[in-house]
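Before any comments, here is the structure.
By convention here, the first residue in the shown sequence is residue 1.
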Amino acid sequence: MEINELKYNIAQNIYYLRTVNHMTQSELGEKLNYSDKAISKWERAEGMPDAYVLHKISDMFGVSVDYLINEHNEQDTKIETKPTKDIKRLIATIVLWGIIAVAILLMVVLYLATDNFYWQIIIYSLPVTFIVQIVLSCVWWRGRGSFLFASLLIWAILGIVYVALLRYNFWEIFFIGIPVQIIVFLCYKIRITITVTQKNPKFFVWKDSGGKKPSNNGENGENKGEK
């Protein structure tokens, strides 16, 4: 791919992503810490953002860096607008509170039927809620938020075990959650590092035939000067 073709593809894709999300050049520039003139320059294919900014743009609009640098026809261009994202968040919220509401309803029904207050049902419903949120996070938001819900799932499961053994007051069970939480955190950091490294060429060292690193001067430098 020639440099002019690369500039043109990036220009078209940034323009499309910005307009389909109802953003002005100033609004996009503010989010990227660039001026609207820099955004305009990119969209006119007179320059292009560096690898780090491309990654920020791809993350902001929920696309890959490959999407930004390649050409797309109208049939291939299927980007979520802000209303679509809001609907997904609304669905996730409804599912979250819906499961809890069902648990409360079941608890009330059992209380009316047996005259016993089964408060444990709320505790038992939490892992189901967090598992569903993890699935939605992976399907709709590429795993964003999965670390939070995975952490909550760990402690919810430990809470269930504690409730099941409540008569023994085995509170030491929660100490198990500390190393498990650390493992989950490390796995999350590794996944993020691998993802960023794969998407952002800035993390790779490129050398020319002379064995020297290419200069960073040029268009990227010009863009940075327009902040």
Side-chain angles (χ1 to χ4, degrees), residues 1-96 133-148 191-204 206 214 216-227:
M1 182 184 300
E2 296 182 356
I3 187 66
N4 289 333
E5 182 182 358
L6 180 62
K7 288 181 184 178
Y8 178 79
N9 291 344
I10 292 175
Q12 293 296 310
N13 292 328
I14 290 178
Y15 173 78
Y16 176 78
L17 290 168
R18 178 179 63 80
T19 55
V20 81
N21 283 277
H22 308 292
M23 295 177 63
T24 65
Q25 290 181 342
S26 297
E27 290 172 340
L28 178 58
E30 183 178 354
K31 290 181 180 295
L32 297 174
N33 198 26
Y34 275 73
S35 67
D36 57 342
K37 293 181 180 179
I39 305 300
S40 176
K41 187 175 181 179
W42 297 343
E43 292 183 354
R44 295 195 308 270
E46 296 178 359
M48 60 182 180
D50 60 25
Y52 176 71
V53 177
L54 282 175
H55 175 70
K56 288 183 66 175
I57 295 173
S58 68
D59 187 62
M60 180 187 305
F61 293 118
V63 298
S64 65
V65 174
D66 286 340
Y67 177 93
L68 291 175
I69 65 178
N70 289 308
E71 184 179 4
H72 308 281
N73 55 41
E74 294 182 0
Q75 288 73 23
D76 294 335
T77 308
K78 296 179 180 179
I79 304 300
E80 290 182 339
T81 61
K82 190 175 185 299
T84 303
K85 295 180 180 179
D86 291 340
I87 290 174
K88 288 184 176 180
R89 293 192 185 98
L90 178 61
I91 292 174
T93 303
I94 292 174
V95 171
L96 173 65
Q133 293 299 316
I134 290 173
V135 172
L136 293 179
S137 173
C138 293
V139 172
W140 285 343
W141 298 294
R142 298 184 298 172
R144 296 175 188 172
S146 58
F147 170 71
L148 171 62
R191 184 181 70 83
I192 291 297
T193 301
I194 293 175
T195 301
V196 171
T197 303
Q198 289 175 340
K199 289 185 176 181
N200 194 346
K202 184 179 180 181
F203 288 86
F204 293 95
W206 299 94
N216 290 328
N217 296 328
E219 290 166 343
N220 290 345
E222 292 176 3
N223 288 341
K224 289 182 180 179
E226 295 183 10
K227 284 186 181 181

Measuring from K41:NZ to Q25:CD, what's the distance to the nearest 0.5 Å?
13.5 Å

Expected output: side-chain S40 to main-chain K37 donor-acceptor under 3.5 Å
no

Measure across S58 and S64 and return the closest heavy-atom pair with its distance rounded to 0.1 Å.
CB-C, 3.8 Å

Take N13 and V63, measure what side chain to side chain contact (heavy atoms under 4.5 Å, CB included) needs, and give me the verdict at the end.
CA-CA 10 Å; N13 292 328; V63 298; over 6 Å; no

Testing L17, I14, V20 for side-chain contact (heavy atoms from CB on, under 4.5 Å) with F61, which one passes?
L17

Residue pair L148, Q133: steps toward the side chain to side chain contact (heavy atoms under 4.5 Å, CB included) verdict:
CA-CA 10 Å; L148 171 62; Q133 293 299 316; over 6 Å; no

Kindly compute the distance separating CE (M23) from CZ (R18), expressed to the nearest 0.5 Å.
8.5 Å

Apply side chain to side chain contact (heavy atoms under 4.5 Å, CB included) to the pair I10 and W42, showing each step before the final yes or no.
CA-CA 8 Å; I10 292 175; W42 297 343; 5.6 Å; no

Where is the tightest heavy-atom contact between K31 and K56, given as atom of each residue plus distance?
O-NZ, 4.1 Å

Search all heavy atoms of S137 against all heavy atoms of S146 and return the closest pair with its distance.
OG-N, 3.4 Å

What verdict does the side chain to side chain contact (heavy atoms under 4.5 Å, CB included) test give for L136 and V139, after you've listed the backbone C-alpha separation in whole Å, the side-chain angles of each residue and the deciding distance to 0.1 Å?
CA-CA 5 Å; L136 293 179; V139 172; 5.7 Å; no

Take atom CD of E30 as the centre, draw a 6.0 Å sphere, and report whether it contains more than 12 heavy atoms from other residues, nucleotides or ligands.
no

From E5 CD over to I69 CD1, what is the distance, rounded to the nearest 0.5 angstrom?
10.5 Å

Could you measure the distance from the OH atom of Y67 to the CG atom of N9? Nearest 0.5 Å is fine.
11.0 Å

Answer whether the closest heavy-atom distance between the side chains of M60 and L28 falls below 4.5 Å.
yes

